[in-house]
Amino acid sequence: MSVRVRFSPAPSGELHVGSARTALFNWLYARNTDGTFLIRIEDTDTSRTREEWVDAIGDTLRWLGLDWDETPWRQSQRIPEYLAAADRLLASGDAYECFDTSEELEAMNAERKAAGLPPGYDGRGRDLTADQRAALAAEGRPRTVRFRTPDTGRSVFTDAVRGEVAVEWSTISDFVIVRSDGSPLFFLANAVDDLAMEITHVIRGEDLIDTTHRVLAIRRALGGVEAPMYAHLPLILQADRAKLSKRHGAVAVEDFRARGILAEALFNYLSLLGWAPDDDREVMTAPDVVAAFTLERVTHSAAIFDDKKLEWMNGEWIRRLSLAELVERVRPFAVERYGDGFDEGIFVAGVTVGQERASTLVSLADQLAFLFAGDAFAVADDVWSQVSTVDQPAAVLDAVIRHVTGCDWNVDSIGEMRAAITELGLKPGKVMKLLYAAIEGRAAGLPLFDSIELLGREISVARLVAARARLG
RNA sequence: GGCCCCGUCGUCUAGCGGCCUAGGACGCCGCCCUCUCAAGGCGGAAGCGGCGGUUCGAAUCCGCUCGGGGCUACCA
């Protein structure tokens, strides 16, 4: 039987890295097994769904390199299917109608809490007669449909990464599957669709592990024979071990993209959060990961998202890109910043020099600022006060100005300024930050000699002279 | 509170009874290279949560305990 997996995002915001990791693992499994990767938009909660997010999530998945195989399913277009399923459950007695108001339910839970009982529906609507239901409905009370869970016994399923997972049915009370506004809930839609889509493997976050029992119960009641294999992935946590949230920096994939993280790097990094190949490889291409991916090697414990390691990996990928490719990746960030003074030749030369040490596309684009600053170039006060404290700043600048004014115009000749500095009895490394600031406006940046060559003699000398003048 | 899942360096992980005086990577520290450094090279500190068992032998198996996370909605 061919593998069919699905990624089912709720379009209530941008794609979260946790969701992206779930999508990625589904995709990896499908590609590794030559199976089918499907998308299902879970938009039954109309109050939280926004159409723009549907497109945005698709764009993000494509950017990450995750392609899907068939037209995405939309739960909002399948409401009649879910309600028909609910009717069948009603007819078979697996579900029943309830007419409790939210106030009554709140009061019920308050009572249970006071009595030391866990919260949950007490089953008060289970045995209403048809007449009673009609009467309650006539009162204008809200009508919901609840699924009837067993009172005894255990629910057991085998998870591909966790093994056997079991829970007592007595701890799961009857739950709502159709809201009072007539719309279906997650559990129902999930069971109906996994059946209809012939999903063979459900790969998702561990936060959903407890819902599996309920979805599986509905599935069985609906006549589903063979259940899909479930695989619950460890959660991704932030540094304080709490769930990833917007309060703690970037959590949306688009945030990383905007920061200049490469899709290759995020793909690679996310692959290694909760999974590892059976060797020491870390920097891996998508085909490498696809070839090595198995559910058996998915790890069990929650993983903390390490931004530092992501940045390191991003640098690795920046170095692996061809120059032409890197230029195209940096371009939008550079155009955004230097639109007016943008010069293609200078830009490409700058990226060439910066590729070796950059960690993000944004940091690389930022380092190019001095090349496009023109007459607006200035060294910020805080930078200046930090770099002007080197030994003999005036003598250093005088010597360098003299050198740059007269030397041949190539990197090696420009670099001979080191000798001029040494002659002053100084170690070049100790005073270079002054020169970096004078030329690039920052204490550290693109390699200086290349930068001076790129800038040209006239502008370079002018900037050095300006710095000298500032010393007084 | 109840239920479920999880527990190897700060972090991601390798490990599936002897190959482990626990390996790799990020980060950190030091040194080197050197024109800054966000790159490169070399080296270092750093971990099996705890307690009992099983066994000739346990990071690996079992129990308890402690700790972390998740769920407990007319969200998904």
Side-chain angles (χ1 to χ4, degrees), chain A residues 8-10 12 19 42-45 47-48 75 98 100 102 105 109 113 116-121 142-146 159 162 165-168 170-173 175-181 183-187 189-190 204-213 232 234-235 237 239 241-243 269 272-283 297 299-313 315 319 354-360 363-364 367 387 414-415 417-418 421 428-437 440 442-452:
Chain A
S8 37
S12 56
S19 305
E42 306 215 328
D43 51 357
T44 55
D45 183 355
S47 68
R48 307 191 341 155
Q75 291 195 324
C98 286
D100 311 293
S102 52
L105 293 175
N109 270 324
K113 192 177 176 186
L117 290 167
Y121 190 67
R143 177 243 189 208
T144 60
V145 178
R146 276 183 194 271
D159 189 283
R162 277 152 223 284
V165 179
V167 65
E168 294 291 333
S170 61
T171 63
I172 302 177
S173 60
F175 55 94
V176 175
I177 56 176
V178 178
R179 296 186 183 88
S180 55
D181 68 1
S183 63
L185 261 89
F186 167 70
F187 306 103
N190 199 286
R204 30 129 78 151
E206 197 205 320
D207 51 337
L208 294 171
I209 197 165
D210 289 315
T211 70
T212 307
H213 301 95
H232 287 96
L235 261 23
L237 272 25
R241 302 211 73 85
K243 265 172 107 171
Y269 179 70
L272 264 20
L273 263 194
W275 175 84
D278 60 6
D279 52 37
D280 280 342
R281 285 178 297 168
E282 292 214 293
V283 180
R297 293 195 65 80
T299 60
H300 292 195
S301 54
I304 290 174
F305 193 93
D306 185 355
D307 214 65
K308 285 272 183 41
K309 186 154 186 175
L310 205 213
E311 286 218 355
W312 162 77
M313 189 164 272
R319 252 139 259 141
Q355 179 170 24
E356 191 179 332
R357 288 157 196 233
S359 62
T360 69
S363 66
L364 180 47
Q367 284 189 319
V387 302
I414 293 167
M417 72 169 63
R418 276 175 297 178
I421 293 168
K430 297 289 184 191
V431 300
M432 290 307 278
K433 61 181 178 182
L434 172 64
L435 302 173
Y436 273 86
E440 303 186 36
R442 49 208 295 171
L446 254 33
L448 187 68
F449 309 148
D450 297 274
S451 299
I452 289 175

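Keep in mind that what you see is a predicted model, and the values were worked out from it rather than measured. So you know, we letter chains A, B, ... as the sequences are listed, proteins then strands, and number each from 1.
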* So which one's nearest nucleotide on RNA chain B is more toward 5', A:Leu272 or A:Ser363? -> A:Leu272
* For A:Trp275 and for A:Asp210, find the nucleotide of RNA chain B with the closest heavy atom, then tell me which residue's nucleotide is more 5'. => A:Trp275
* Donor/acceptor link under 3.5 angstrom from A:Gln367 side chain onto base of B:rA38 -> yes
Between [options], which nucleotide has the shortest distance from any of its atoms to the side chain of [X]?
| X | options | value |
| --- | --- | --- |
| A:Glu356 | B:rG1, B:rU11, B:rA39 | B:rA39 |
| A:Leu273 | B:rA39, B:rC12, B:rU36 | B:rC12 |
| A:Ser301 | B:rC5, B:rC6, B:rC71 | B:rC6 |

Find the distance [X]:[atom1] to [N]:[atom2] and express it as a whole number of Å.
| X | N | atom1 | atom2 | value |
| --- | --- | --- | --- | --- |
| A:Leu364 | B:rA39 | CG | P | 14 Å |
| A:Met313 | B:rU11 | CE | C1' | 13 Å |
| A:Glu311 | B:rC12 | CD | C1' | 16 Å |
| A:His232 | B:rC5 | NE2 | P | 12 Å |
| A:His300 | B:rC12 | NE2 | P | 15 Å |
| A:Tyr269 | B:rU13 | OH | C1' | 11 Å |
| A:Glu206 | B:rG68 | CD | C1' | 11 Å |
| A:Ile304 | B:rG7 | CD1 | P | 14 Å |

* To do: Could you check A:Thr44 against A:Ser183 for side-chain contact (heavy atoms from CB on, under 4.5 Å), going step by step and ending with a plain yes or no?
  => CA-CA 7 Å; A:Thr44 55; A:Ser183 63; 5.9 Å; no
Paired with [N]: which nucleotide, if any, by Watson-Crick or G-U wobble criteria at under 3.5 Å for both distances?
| N | value |
| --- | --- |
| B:rU55 | none |
| B:rA25 | B:rU11 |
| B:rG30 | B:rC42 |
| B:rG67 | B:rC6 |

For [X], answer base if it contacts any base atom (sugar-phosphate contacts may also be present), sugar-phosphate if it contacts only those atoms, and nothing otherwise; contact means non-hydrogen atoms under 4.0 Å.
| X | answer |
| --- | --- |
| A:Leu448 | base |
| A:Arg297 | sugar-phosphate |
| A:Ala303 | sugar-phosphate |
| A:Gly274 | sugar-phosphate |
| A:Gly429 | sugar-phosphate |
| A:Ala437 | nothing |

Are the side chains of [Y] and [X] in contact, using a 4.5 Å heavy-atom criterion?
| X | Y | value |
| --- | --- | --- |
| A:Tyr269 | A:Asp306 | yes |
| A:Leu272 | A:Lys309 | no |
| A:Gln355 | A:Leu364 | no |
| A:Phe305 | A:Leu310 | yes |
| A:Phe187 | A:Thr211 | yes |
| A:Arg162 | A:Pro234 | yes |
| A:Asp210 | A:Val167 | no |
| A:Leu435 | A:Ile421 | yes |

* To do: Could you go through the side chain to side chain donor-acceptor pair (under 3.5 Å) check for A:Thr212 and A:Arg204 one step at a time?
  => CA-CA 11 Å; A:Thr212 307; A:Arg204 30 129 78 151; 3.0 Å; yes
* Asked: Shortest non-hydrogen contact from A:Leu448 to A:Glu440?
  -> CA-OE2, 4.0 Å
* To do: Of all the heavy-atom pairs spanning A:Tyr436 and A:Gly445, show the shortest one and how long it is.
  => CD2-N, 3.7 Å
Detail all sub-3.5 Å separations between protein N/O atoms and N/O atoms belonging to nucleotides 73-76 of chain B.
unit_1 : atom_1 : unit_2   : atom_2 : d
B:rC74 : O2     : A:Ser180 : N      : 2.9
B:rC74 : O2     : A:Ser180 : OG     : 3.0
B:rC74 : N3     : A:Ser180 : OG     : 3.0
B:rC74 : N4     : A:Asp100 : O      : 3.3
B:rC75 : OP2    : A:Arg179 : NE     : 2.4
B:rC75 : OP2    : A:Arg179 : NH2    : 2.9
B:rC75 : O3'    : A:Arg179 : NH2    : 3.1
B:rC75 : O2'    : A:Asp45  : OD2    : 3.0
B:rC75 : O2'    : A:Arg48  : NE     : 3.0
B:rC75 : O2'    : A:Arg48  : NH2    : 3.2
B:rA76 : OP1    : A:Thr44  : OG1    : 2.9
B:rA76 : OP1    : A:Arg179 : NH2    : 2.7
B:rA76 : OP2    : A:Phe186 : N      : 3.2
B:rA76 : O3'    : A:Glu42  : OE1    : 2.5

Can you check the distance between [N] and [M], where both ends of the measurement are the [atom1] atom (answer in whole Å)?
| N | M | atom1 | answer |
| --- | --- | --- | --- |
| B:rA45 | B:rA25 | P | 15 Å |
| B:rC62 | B:rC6 | P | 12 Å |
| B:rC20 | B:rG15 | C1' | 9 Å |
| B:rG24 | B:rG67 | P | 33 Å |
| B:rG68 | B:rC9 | P | 16 Å |
| B:rU55 | B:rG70 | P | 40 Å |
| B:rC29 | B:rU65 | C1' | 37 Å |
| B:rU21 | B:rG47 | P | 16 Å |

* **Donor-acceptor contact below 3.5 Å, side chain A:Asp100 vs main chain A:Leu105** => no
* Asked: B:rG2 phosphate, OP1 or OP2: any side-chain N/O from A:Thr171 under 4.0 angstrom?
  -> no
Using a cut-off of under 3.5 Å, enumerate the N/O to N/O pairs linking the protein to nucleotides 42-47 of chain B.
none

* Structure fact -> Between the CG atom in A:Leu185 and the CG atom in A:Asn190, the distance rounded to the nearest 0.5 Å is 11.0 Å
* Asked: Salt bridge between A:Asp181 and A:Arg179, side-chain N to carboxylate O under 4.0 Å?
  -> no
* Structure fact -> Under a 4.0 Å heavy-atom criterion, the protein footprint on nucleotides 23-29 of chain B, written with B, S and -, is -BBB---
